[in-house]
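Structure record follows, encoded as structure tokens.
Source: prediction; values computed, not measured. Here is how names work: the chains are called A, B, and so on, in the same order as the sequence lines, proteins then strands, and each is numbered from 1.
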Protein chains: 2
Amino acid sequence: MNSLTEENYLKTLFVLANESGEVNVIDLSKRLNIKMPTVTSMMKKLAVKKLVHYESYKPLRLTERGKKEAGIIIRKHRLTEMFLVQVMNFGWEEVHEIAEQLEHTHSPDFFEKMDEMLGYPKIDPHGSPIPDKNGKIEWKKYSKLSNCRVGEALKLTAVIDSSEEFLKFLNSRELKLGLKVKVKSIEPFDGTMVISYGKKLNETLSQTVTKRLLGELIQG
Amino acid sequence: MNSLTEENYLKTLFVLANESGEVNVIDLSKRLNIKMPTVTSMMKKLAVKKLVHYESYKPLRLTERGKKEAGIIIRKHRLTEMFLVQVMNFGWEEVHEIAEQLEHTHSPDFFEKMDEMLGYPKIDPHGSPIPDKNGKIEWKKYSKLSNCRVGEALKLTAVIDSSEEFLKFLNSRELKLGLKVKVKSIEPFDGTMVISYGKKLNETLSQTVTKRLLGELIQG
DNA sequence: TAATTTTGTTAGATGAATCTAATTTAGTAG
DNA sequence: CTACTAAATTAGATTCATCTAACAAAATTA
Ligand SMILES: [Mn+2]
Ligand SMILES: [Mn+2]
Ligand SMILES: [Mn+2]
Ligand SMILES: [Mn+2]
């Protein structure tokens, strides 16, 4: 059994590897707010447990077992977020912090029941894929709104940032997953976009925002 | 903020005080499966935090603050059990272990929402009272089935032992809270009772069992 | 009351997870 | 290629929660 601390290292390693390829000690250190020497010694410990491949001065890599364990923790996190939104009626901006705690619950039955109640969902409230029981993730390749051109339309499917601040901002603009947004114009200088969706016909979004919104291009 | 470890000491101290009056180091030690010197040092630590009154060789006592904090943890435990049974459809024998973990979740909103979804319940699935938001408990004085006499009837309201084994035994006899049980006869030698309830007209229960069943005496 | 047993405390060690300071290795920029 | 900078490691300290061994106090028994 892994400690809560070990679980957090595994999960973060997994997430970082998927958002930027190679993960170095300094990356984990920054993301976890833990100093580098602490990270190094934890990596050695996890290497002994065959959860990471560790070689000094080389990028950090999860073993297959490490990936599986990490995937299962992420599964629990995302199922929990979905449960909180769907069953308990929380807003999508409120669930991450609670899920950070519940994801460490050791009870297969608990998550099994959630999964069942939710009808075996494939994505969480932020559009992130929910790993299967073996920790495997099915990746979808979405387009960033920031990469769209004038005239193109996108069906929003996921956010890259699930922080409360960002999601509250989206709430304030009535932006939610599933919406079809159309690019009206783009300011060449800083990439600011004017888009339309739902009842909003002229909403302006900075690139900071459009880079965090993912979706599927729509024909037409 | 108290650590998970501290929370477990507080909760156990509270529970023991209510089931047997005075609590000594050895009692906590046994209940928590932690050696006495460890308990002693934790008591000193909690005394510094003004959560327990500690004097060497004297019984252990929670301060008012300690009682409040303990009560809130127990509230979270029992609300969780109720939620697991009512909302997630777990059996009453399955919920204690999960609640042991979820009770340490730091999120007032989470338990607030549970409470609301459950309609502000006053008791948990085992008939134990749920403390209010200030950790205060309203005690009901129930009678033990083992103290009933032949001819008396009891409406079952609580169990004293919520271990999986005991509850599975009750399930196997279709004994649940709310049932009216009537004492048909008592074996004077060992207190074994024959009772009737529902469709069962001649069920035999040992004193080990009848001592763990509580209820309200019914007239008639 | 004296001896014995039970309960509790003190002292000191351990392992987990963290830190700071010092040192080493790797990468980058002249 | 050398000098500087960034990243990583080593060494050693700290805090928390735990333990064992030894000792002391309180309670029980004879
Ligand atoms: Mn999340
Ligand atoms: Mn999410
Ligand atoms: Mn319980
Ligand atoms: Mn209960």
Original post:
Do we get A/Lys113 above B/Phe90's six-membered ring, with its NZ or CZ under 6.0 Å from the centre and within 45° of the axis?
Top reply: yes
Original post:
Under 3.5 Å, is there a donor-acceptor pair linking the side chains of B/Asp190 and B/Thr192?
Top reply: yes
Subject >> Spacing between B/Lys35 atom NZ and C/dT9 atom C1', to the nearest angstrom >> reply: 16 Å
Subject >> Shortest non-hydrogen contact from B/Gly215 toward B/Thr157 >> reply: CA-OG1, 3.2 Å
Subject >> Rounded interatomic separation in angstrom, taking NZ from B/Lys58 and P from D/dA24 >> reply: 20 Å
Subject >> Gap between atoms CE and P, on B/Met43 and C/dG8 respectively (whole Å) >> reply: 12 Å
Original post:
How is B/Ser3 classified with respect to the nucleic acid when contacts are heavy atoms under 4.0 Å: base, sugar-phosphate, or nothing?
Top reply: sugar-phosphate
**OP:** Give the rounded distance in Å between these two atoms: NZ of B/Lys49 and P of D/dT15.
**Re:** 15 Å
Original post:
Taking C-beta and beyond as the side chain, do A/Val159 and A/Leu214 meet within less than 4.5 Å on heavy atoms?
Top reply: no
**OP:** Determine yes or no for a side-chain-to-main-chain donor-acceptor pair under 3.5 angstrom, with A/Arg212 supplying the side chain and A/Thr208 the backbone.
**Re:** yes
Subject >> Closest contact, heavy atoms only, A/Glu7 versus A/His106 >> reply: OE2-CE1, 3.2 Å
**OP:** Starting at atom CG of B/Asn2, determine the distance to atom P of D/dT15, rounded to an integer number of angstrom.
**Re:** 19 Å
**OP:** Let me know the distance between CE of B/Met42 and P of C/dT9, rounded to the nearest Å.
**Re:** 15 Å
Original post:
Where along residues 19-33 of chain A does a heavy atom fall under 4.0 Å from DNA chain D?
Top reply: A/Asn24, A/Val25, A/Ile26
Original post:
So, is A/Thr40 close to the D/dT9 phosphate, meaning a side-chain N or O under 4.0 Å from OP1 or OP2?
Top reply: yes
Subject >> Options C/dT18, C/dT25, D/dT20, nucleotide nearest the side-chain atoms of B/Pro37 >> reply: D/dT20
Original post:
Which is true for B/Thr38 with a 4.0 Å heavy-atom rule: it touches a base, it touches only sugar-phosphate, or it touches nothing?
Top reply: base
Original post:
Considering only side-chain heavy atoms of B/Tyr57, which listed nucleotide, C/dT18, D/dA25, D/dT18, is closest?
Top reply: D/dA25
Subject >> Length of the line joining B/Asn8:CG and D/dC16:P, which is rounded to integer Å >> reply: 17 Å
Original post:
Is the A/His126 to A/His96 ring centre distance short of 6.0 Å?
Top reply: no
**OP:** Using a cut-off of strictly less than 4.0 Å, decide whether B/Tyr9 has a side-chain nitrogen or oxygen near OP1 or OP2 of D/dT18.
**Re:** yes
**OP:** Let me know the distance between CD of B/Glu55 and P of C/dT9, rounded to the nearest Å.
**Re:** 11 Å
**OP:** Assign B/Lys44 to base, sugar-phosphate, or nothing according to its heavy-atom contacts below 4.0 angstrom with the strands shown.
**Re:** sugar-phosphate
Original post:
What nucleotide, of C/dT9, D/dT18, D/dA8, holds the atom closest to the side chain of B/Met36?
Top reply: C/dT9
